[in-house]
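Input: a single structure, listed below in structure tokens.
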Amino acid sequence: MDNGLYRRIRALFAAVLVLSVATLGIAALIGGNAAVWVRSGIVTAIATVLIALARRAFGGSRAAYLRMRLMSTVAPLAIVIIVALPHDGFPAWMKVEQAVVGVLLLAVAVMVGRKAVRQAYPKAGKQVR
């Protein structure tokens, strides 16, 4: 993964972290329900893990790259479900925040799923072309 791509991915993950922490702050100010607190806490933890995985992937770790790729691909799918459900305990403002998080993670999924990036993390025993 080149420096430019790493910086963009790290910035997107940092934005997810900032949004998640802000969501926790809003929940504290206006009294969010349990669903808001749990989901915000989970997304904050995931964002922190993704930042660490990006750092390790940039250092050449195939395992970190694969985890980062999986998480950034699966999370937007879960967010679509959260946003689409009519009575799930999440207020409208949080659904908007989650939609933004989903778009940010989807952007990362597209970046790390490109063929050139995948080829930078070959399976053991395979050579990079």
Side-chain angles (χ1 to χ4, degrees):
M1 187 173 1
D2 67 46
N3 285 333
L5 180 62
Y6 171 67
R7 281 192 302 273
R8 288 189 301 276
I9 290 170
R10 188 180 59 200
L12 289 169
F13 287 157
V16 170
L17 180 60
V18 167
L19 280 170
S20 301
V21 170
T23 300
L24 287 169
I26 291 169
L29 288 174
I30 66 172
N33 63 25
V36 170
W37 283 102
V38 170
R39 179 69 187 165
S40 299
I42 289 169
V43 176
T44 300
I46 288 170
T48 304
V49 168
L50 286 169
I51 290 168
L53 289 174
R55 185 178 312 117
R56 288 183 40 223
F58 181 69
S61 170
R62 175 176 164 75
Y65 163 74
L66 291 173
R67 286 182 186 102
M68 179 180 67
R69 185 172 171 208
L70 176 68
M71 290 173 76
S72 64
T73 302
V74 172
L77 299 173
I79 289 170
V80 166
I81 294 168
I82 287 170
V83 171
L85 289 175
H87 301 291
D88 57 4
F90 296 111
W93 64 266
M94 186 171 188
K95 288 186 176 201
V96 171
E97 179 266 347
Q98 285 294 286
V100 172
V101 166
V103 168
L104 296 173
L105 293 176
L106 184 59
V108 172
V110 169
M111 286 185 231
V112 299
R114 291 189 329 229
K115 185 176 182 178
V117 178
R118 289 192 319 267
Q119 288 178 337
Y121 297 93
K123 292 181 182 176
K126 290 196 175 187
Q127 293 181 344
V128 178
R129 295 181 201 181

Transitive ILVMFWY cluster of [X] at side-chain heavy atoms under 4.5 Å: who else is in it?
X: Val18; answer: none
X: Met94; answer: Ile26, Leu29, Ile30, Val36, Ile82, Phe90, Trp93
X: Leu85; answer: Ile81

Using atom types as modelled, flag every donor-acceptor pair under 3.5 Å from a side chain in residues 68-79 to any protein atom, sequence neighbours excluded.
residue: Ser72; atom: OG; partner: Met68; partner atom: O; Å: 2.9
residue: Ser72; atom: OG; partner: Arg69; partner atom: O; Å: 3.2
residue: Thr73; atom: OG1; partner: Arg69; partner atom: O; Å: 2.7

Q. Is there a chain of hydrophobic side chains (I, L, V, M, F, W, Y, each step under 4.5 Å between heavy atoms) that links Leu66 to Val117?
A.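 The answer is yes; both residues are in one hydrophobic cluster.
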
**Q.** Connected via hydrophobic side-chain network under 4.5 Å: Val21 and Phe13
**A.**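 Shared cluster, yes.
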
Q: Hey, could you give me each pair passing side-chain hydrogen bond (donor to acceptor under 3.5 Å, both in side chains) that has a residue in residues 37-52? Not counting sequence neighbours.
A: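 Every side-chain hydrogen bond (donor to acceptor under 3.5 Å, both in side chains) pair that includes a residue of residues 37-52, provided the two are not neighbours, is Arg39-Gln98.
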
Q | CG-CZ distance between Leu5 and Arg10, expressed to the nearest 0.5 angstrom | A |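 Atom-to-atom, Leu5:CG and Arg10:CZ are 11.5 Å apart.
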
**Q.** Pairs where residues 74-83 contributes a residue and the test salt bridge (Lys or Arg N to Asp or Glu O under 4.0 Å) is met, not counting sequence neighbours
**A.**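 Qualifying pairs, neighbours excluded: none.
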
Please output the side-chain donor-acceptor pairs of residues 51-63 that fall under 3.5 Å, not counting sequence neighbours, one pair per line with the distance.
residue: Ser61; atom: OG; partner: Ala64; partner atom: N; Å: 3.0
residue: Arg62; atom: NH1; partner: Tyr121; partner atom: O; Å: 2.4

Please report, to 0.1 Å, the donor-acceptor pairs under 3.5 Å made by any side chain of residues 100-114, with sequence neighbours excluded.
none

Q.
I'd like to check the side-chain hydrogen bond (donor to acceptor under 3.5 Å, both in side chains) partners of Thr23; sequence neighbours left out, ordered by chain and number.
A.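 Thr23: side-chain hydrogen bond (donor to acceptor under 3.5 Å, both in side chains) contacts with Glu97.
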
